[in-house]
Amino acid sequence: MTAFNVVRFRVKPGHEQRFIDEHRKARPKFKGFIGGSLVRTGDQSFCVIGEWRNLKSLAAARPQMIEILDGLREMLEDLGGGLGVTDPASGEVVARLAATKSPKKRPARARRKTGRVTARRKR
């Protein structure tokens with residue numbers, strides 16, 4: 001069953017663009033990794049969201065993910081509350097949420113072109 005992981009970060013001031021650039025150039029080769037996104041949630045706040053084929057694949061990739069995190073640690077601030085520099089969560093999908101479908105748009109009516117100018121009649 002598909003699984004997701006979400007990791008929250010707070011980047012030190014002045015390191016935001018470097019943090020983004022590091023994620024843009026990353027090409028993780030995790031077995032079972034479907035894809036992911038880096039989401040900016042505030043001026044210095046970010047979340048990484050990853051999609052996985054299953055929870056087993058996600059768990060097997062954790063050591064590699066920690067290696068990547070180790071390369072980014074100098075850019076991160078402690079989140080406080082005993083969390084350290086990350087706030088991770090992961091689990092299996094239990095329900096898919098479908099977007100509502102918007103009604104189909106009708107094609108616009110074509111305007112007739114007569115090629116002549118007509119004067120308005122006065123009443």
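Since we're looking at a predicted model, the values are computed, not measured.
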Please list all pairs meeting salt bridge (Lys or Arg N to Asp or Glu O under 4.0 Å) that have one or both residues in residues 2-17, counting only residues at least two apart or in different chains. Arg8-Asp87, Arg10-Glu77
Quick note, ring pair (Phe, Tyr, Trp, His ring centres under 6.0 Å) partners involving residues 56-104, not counting sequence neighbours, are none
Strictly by ring pair (Phe, Tyr, Trp, His ring centres under 6.0 Å), give each pair with a member in residues 44-83 just once, sequence neighbours left out. Phe19-Phe46, Phe30-Trp52, Phe33-Trp52
Report the C-alpha distance between Asn5 and Ile49 in whole Å, list the side-chain angles of each, state the deciding distance to 0.1 Å, and finish with yes or no for side-chain contact (heavy atoms from CB on, under 4.5 Å). CA-CA 6 Å; Asn5 71 313; Ile49 302 169; over 6 Å; no
Restricting to pairs with a member in residues 62-74, which pass side chain to side chain donor-acceptor pair (under 3.5 Å), not counting sequence neighbours? Arg18-Glu74, Arg62-Ser90, Asp70-Arg73
Pairwise side chain to side chain donor-acceptor pair (under 3.5 Å) hits with a residue in residues 31-45, at least two apart: none
Do Leu79 and Val48 belong to the same hydrophobic cluster, where Ile, Leu, Val, Met, Phe, Trp and Tyr are linked whenever their side-chain heavy atoms lie under 4.5 Å apart, directly or via other members? no
When hydrophobic residues are tied together by side-chain contacts of less than 4.5 Å, even through go-betweens, does Val85 share a cluster with Leu72? yes
Taking side chain to side chain contact (heavy atoms under 4.5 Å, CB included) as the test, write out the residues that go with Arg24, two or more places apart. Gln17, Ile20, Asp21
Is there a side-chain contact between Leu58 and Met65 (heavy atoms, below 4.5 Å)? yes
Which residue is it: Val7, Leu83, Val6? I am looking for the one with a side-chain contact (heavy atoms from CB on, under 4.5 Å) to Pro88. Val7
Test side-chain contact (heavy atoms from CB on, under 4.5 Å) applied to Leu76 and Leu69, step by step: CA-CA 10 Å; Leu76 302 176; Leu69 173 62; 3.7 Å; yes
Kindly determine whether Asn54 and Thr2 satisfy side-chain contact (heavy atoms from CB on, under 4.5 Å), including the steps that lead there. CA-CA 5 Å; Asn54 53 49; Thr2 305; over 6 Å; no
